[in-house]
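Step one of this worksheet: look at the structure below.
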Amino acid sequence: MRNSLDLEGRPQDTRIVVAMSGGVDSSVTAALLKSEGYDVVGITLQLYDHGAATHRKGACCAGRDIHDARNVAERIGIPHYVLDYESRFRESVIDNFADSYAHGETPVPCIECNRSIKFRDLLSTARELGAQALATGHYVASRRLADESRALVCAADADRDQSYFLFATTREQLDYLRFPLGDMTKPQTRELARRFGLEVAEKQDSQDICFVPTGRYTDIIGRLKPGAIEPGDIVDLEGRTIGRHQGIVHFTVGQRKGLGIASGAPLYVVKLDAASRRVVVGPREALRMDRILLRDVNWIGDGALERVIGDGLEMFVRVRSTRAPQPAWLRAVEGGYEVELVAGEEGVSPGQACVFYDAPAGQARVLGGGFIKSASARHPTARAAAQEKAAPLAEVMRT
């Protein structure tokens, strides 16, 4: 007989490790499982030198948050441990973050933290503690499939869905992970926190870049990668110099404000050329890209990707966490995979993730994804032809 976490055995005979960041979501996850009778162990990760961030609101895993997690654990009566993962976090997340920006990319450190710290290192620790599962407060859901494997699906609360940040989760990890909040809304979570008497019930949500105590990420990049702060030229699409900048790390593809250039028409950052330290700007229409070359693709859909992809696999993709999924094809190309967008997308930035879904909305299944290596544009005529060819897929998106 399966319990509420879809595991064999009674809750009281089932040990669950809960990743507790000190926020309301992970606190409710721990309290909820404890109330259902599970043998819950709370673990909080110290991920960076939290001294400078202790009083910063919205920073996860900082000094205040460790204190809050410990208080919640005491309140609900579970053992709680703080593990020093600072060196692992610095090597896997912070150093990669700085490297990515220095190469003209716009990284998403939360993805790397989930992939290499929480769902690799912490998951391994949970197994060593004899836990049957690792539970987190992420707003995603997990569903058991007919073959007993598990699928990752979007959260019921679309405004809180975090599937974009978890695309790199592997099949093996999914089998071990549980997300008790996936079918709840944020207001429901906060109400549960009040019912459990948790002091964090009204605590504000954490921000994405938790390890930047001042909010100025360029400070960290400048310290770790001084060359990334060197000045260079701002050029137009023809390569003509029209201005100067103080470091490419101050820019991201799609940016309009802060260019420091007087122009008769709005200009946007179209490309960052790290090798020449050039920021390429152009009109808004130059931002629209149709083809995206991916690296480090992770597939958690049915079957093996190389067998199911054929001449092209229809799906829906999200190229930024704040964008809605749109229809696309995934194709194999020499040396990797390429996504062709039906209608194109503005501001596609290397370093961001391109996440695959089987539907455009609702609790769609996450099929995987990859990191954006580069993007290119088709001629407008070719784009129109592609949209006409993809009319049936686009119609699915509207219905």
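Any value given below was found using the heavy atoms of this structure, including those in side chains, with hydrogens, waters and symmetry copies removed. All values reported here derive from a predicted model rather than from experimental measurement. For this chain, numbers begin at 1 and follow the sequence in order.
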**Message:** We want to know whether T14 and Q132 form a side-chain donor-acceptor pair, criterion being a heavy-atom distance below 3.5 angstrom.
**Reply:** no
**Complete:** For residues 130-144, the salt bridge (charged side-chain N to carboxylate O under 4.0 Å, His left out) pairs (sequence neighbours left out) are D6-R144, R143-D183, R144-E148
**Asked** Does a donor on one side chain and an acceptor on the other come within less than 3.5 Å for Y85 and S92?
**Response** no
**Request:** Measure across L166 and L152 and return the closest heavy-atom pair with its distance rounded to 0.1 Å.
**Result:** O-CD2, 3.7 Å
**Asked** Stepwise, does the ring-ring contact (aromatic ring centres under 6.0 Å, His included) test hold for F179 with Y139?
**Response** CA-CA 7 Å; F179 309 103; Y139 283 89; over 10 Å; no
**Request:** May I ask you to decide if R277's main-chain N or O and D273's side chain share a donor-acceptor pair within less than 3.5 Å?
**Result:** no
**Request:** Fit a plane to each ring of Y217 and Y101, take the angle between them on a 0 to 90° scale, and name the class: parallel (under 30°), tilted (30 to 60°) or perpendicular (over 60°).
**Result:** parallel
**Request:** Could you pull out the closest heavy-atom pair between L7 and A133, with the gap in Å?
**Result:** CD1-CB, 4.0 Å
**Side-chain donor/acceptor of S26 to backbone N/O of S21, under 3.5 Å** = yes
**Residues forming a ring pair (Phe, Tyr, Trp, His ring centres under 6.0 Å) with H80, sequence neighbours excluded** = none
**Prompt:** Any salt bridge between E338 and R291, counting N to O under 4.0 Å?
**Reply:** yes
**Asked** Does Y337 have R331 sitting over its ring (NZ/CZ under 6.0 Å from centre, angle to axis within 45°)?
**Response** no
**Request:** Quick one: do R295 and E105 satisfy salt bridge (charged side-chain N to carboxylate O under 4.0 Å, His left out)? Show the steps, please.
**Result:** CA-CA 13 Å; R295 60 174 174 83; E105 298 180 337; 3.8 Å; yes
**Item:** Salt-bridge contact D99-K225 (side-chain N to carboxylate O under 4.0 Å)
**Value:** yes
**Prompt:** Can E202 and R194 be counted as an ion pair, charged N to O under 4.0 angstrom?
**Reply:** yes
**Request:** Check the pair I229 / I248 against side chain to side chain contact (heavy atoms under 4.5 Å, CB included), numbers first and verdict last.
**Result:** CA-CA 7 Å; I229 310 295; I248 62 172; over 6 Å; no
